There are 2 protein chains.
Amino acid sequence: MDTTAALAALGALAQDHRLAVFRLLVQKGPEGLPAGAIADATAMPASSLSFHLAHLQRAGLIVQRRVGRSLVYSADFAAMSAVVGYLTENCCASATCVPAACVPAACAPASPIQTRRKSA
Amino acid sequence: MDTTAALAALGALAQDHRLAVFRLLVQKGPEGLPAGAIADATAMPASSLSFHLAHLQRAGLIVQRRVGRSLVYSADFAAMSAVVGYLTENCCASATCVPAACVPAACAPASPIQTRRKSA
DNA sequence: ACTACATTTCGATCATTCTGGAAATATCGA
DNA sequence: TCGATATTTCCAGAATGATCGAAATGTAGT
């Protein structure tokens with residue numbers, strides 16, 4: 001993950017509503033949640049939610065798929081892992097920090113369905 | 001680290017100049033760098049830099065100390081570690097994610113001087 | 001084709017953040 | 001105390017971001 005992508009991801013998460021939405025989607029795992037259900041859970045108006053979902057998606061943190069007439073969103077765990085990787089790689093002066101084993105693909109969902117995006 | 005603090009940290013890092021400054025300070029380790037040197041390295045006007053340094057400091061990511069007539073800034077590795085901890089704890093549905101050994105105090109500087117702040 | 005439903009896009013408004021010059025503050029050495 | 005250096009605070013303007021109702025789009029069932 002390059003700095004531009006990291007910046008986009010950090011910017012997307014640095015907002016209370018978006019962080020709440022993302023955490024909710026992470027909880028729900030690869031199955032995700034339709035926009036309506038997210039709106040209910042977070043008690044925000046549809047248009048505002050849509051704005052934030054688009055922001056998270058632009059940043060590559062969530063993924064959208066259509067199911068019937070609903071748009072179902074789910075967290076992109078590989079992208080999140082890349083963000084954590086970027087931060088760990090850039091938060092320490094040298095290699096003395098995190099055991100290397102922790103960095104690659106650190107964020108995997110409980111079940112193995114995986115959204116299969118470019119692993120950054 | 002609670003969500004409010006994480007939000008502040010993410011917000012502080014989600015800006016190109018601030019991310020650059022923070023990465024520079026992380027590289028420099030606990031010794032840090034005076035504001036003037038940071039201004040030189042990043043080629044930004046003093047007042048703008050001061051604004052961003054204050055932002056990073058409010059978020060708890062960097063620490064300031066006076067050395068002569070310089071104000072020396074250094075990364076707070078414990079705080080950064082807390083941010084990574086928050087993200088890893090909140091990026092996975094269950095405990096299947098990062099081996100627990102990686103989370104606590106993950107971000108330590110090469111030398112053991114440690115800025116000694118509340119560990120978030 | 002029509003109606004209902006789920007969600008997005010548009011547009012206007014309000015709030016926040018970024019920027020950088022000029023003035024103020026703090027420290028040091030003589 | 002004075003002048004030089006280092007940095008911050010103040011200020012105003014420009015840019016970006018957030019909010020949410022209303023209208024538009026897309027999908028499904030009949």
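Remember, predicted model here, so these are calculated numbers, not experimental data. Computed from heavy atoms alone, side chains included, the values below leave out hydrogens, waters and symmetry copies. Proteins get letters first, then strands, A, B, ... in listed order; numbering begins at 1 in each.
- Between dT27(C) and S70(B), no contact under 4.0 Å exists linking OP1 or OP2 to a side-chain N or O.
- The separation between H17(A) atom NE2 and dC20(D) atom C1' is 12 Å, rounded to whole Å.
- Dashed line: the shortest gap from a side-chain N or O of R66(A) to OP1 or OP2 of dT27(D) is under 4.0 Å.
- Nucleotide dT7(C) holds its P atom 10 Å from the CG atom of L33(A), rounded to whole Å.
- Residue contacts for A46(B): at a heavy-atom cut-off of 4.0 Å it reaches a base atom on one of the strands shown.
- Taking 4.0 angstrom as the limit, H52(A) places a side-chain polar atom (N or O) nearer than this to OP1 or OP2 of dT19(D).
- Annotation: side chain of Q27(A) is not in contact with side chain of F22(A) (no heavy-atom distance under 4.5 Å).
- In this structure, the separation between CD on Q64(B) and OG on S74(B) is 10.0 Å, given to the nearest 0.5 Å.
- Across the protein-nucleic acid pair, R69(B) atom CZ and dT8(D) atom C1' stand 16 Å apart, rounded to whole Å.
- For dC20(D), the OP1/OP2 oxygens have no side-chain nitrogen or oxygen of S47(A) closer than 4.0 Å.
- One can place CE of M44(A) at 14 Å from P of dT7(C), the figure rounded to the nearest angstrom.
- Sorted by first and then second residue, the ring-ring contact (aromatic ring centres under 6.0 Å, His included) pairs with a member in residues 25-48 of chain A form an empty list; sequence neighbours excluded.
- Distance CG (L53(B)) to P (dC18(C)): 13 Å, rounded to an integer number of Å.
- OP1 and OP2 of dA6(D) both lie 4.0 Å or more from every side-chain N or O belonging to Y73(B).
- Among the nucleotides dT5(D), dA18(D), dG20(C), the one closest to any side-chain atom of P45(B) is dG20(C).
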May I have the step-by-step check of side chain to side chain contact (heavy atoms under 4.5 Å, CB included) for L53(A) and L71(A), ending in yes or no?
CA-CA 11 Å; L53(A) 286 172; L71(A) 287 174; over 6 Å; no

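- Rounding to the nearest 0.5 angstrom, the gap separating the CD atom in Q57(A) from the CG atom in D76(A) is 10.5 Å.
- Regarding L49(B), its CG atom lies at a distance of 14 Å from the C1' atom of dT9(D), rounded to whole Å.
- Residues R65(B) and E31(B) come closest through the heavy atom pair NH2-O, 3.1 Å.
- For the pair R58(A) CZ and dT8(C) C1', the computed distance is 13 Å after rounding to whole Å.
- In this structure, D16(A) places its CG atom 10 Å from C1' of dA18(D), rounding to the nearest Å.
- Positionally, the nearest nucleotide of DNA chain D for R18(A) lies more toward the 5' end than for the other of V67(A) and R18(A).
- The two residues L25(B) and A75(B) have their closest heavy-atom pair at CB-N, 4.0 Å.
- One finds no side-chain N or O of S48(B) lying less than 4.0 angstrom from the OP1 or OP2 phosphate oxygen of dT19(C).
- Contact record, L61(B) with A12(B): CD1-CB, 3.9 Å, taken as the closest heavy-atom pair.
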Under 3.5 Å, N/O pairs linking protein and nucleotides 11-16 of chain C:
none

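- For F51(A), counting side-chain heavy atoms from C-beta on, the closest listed nucleotide (dG29(C), dT19(D), dT8(D)) is dT19(D).
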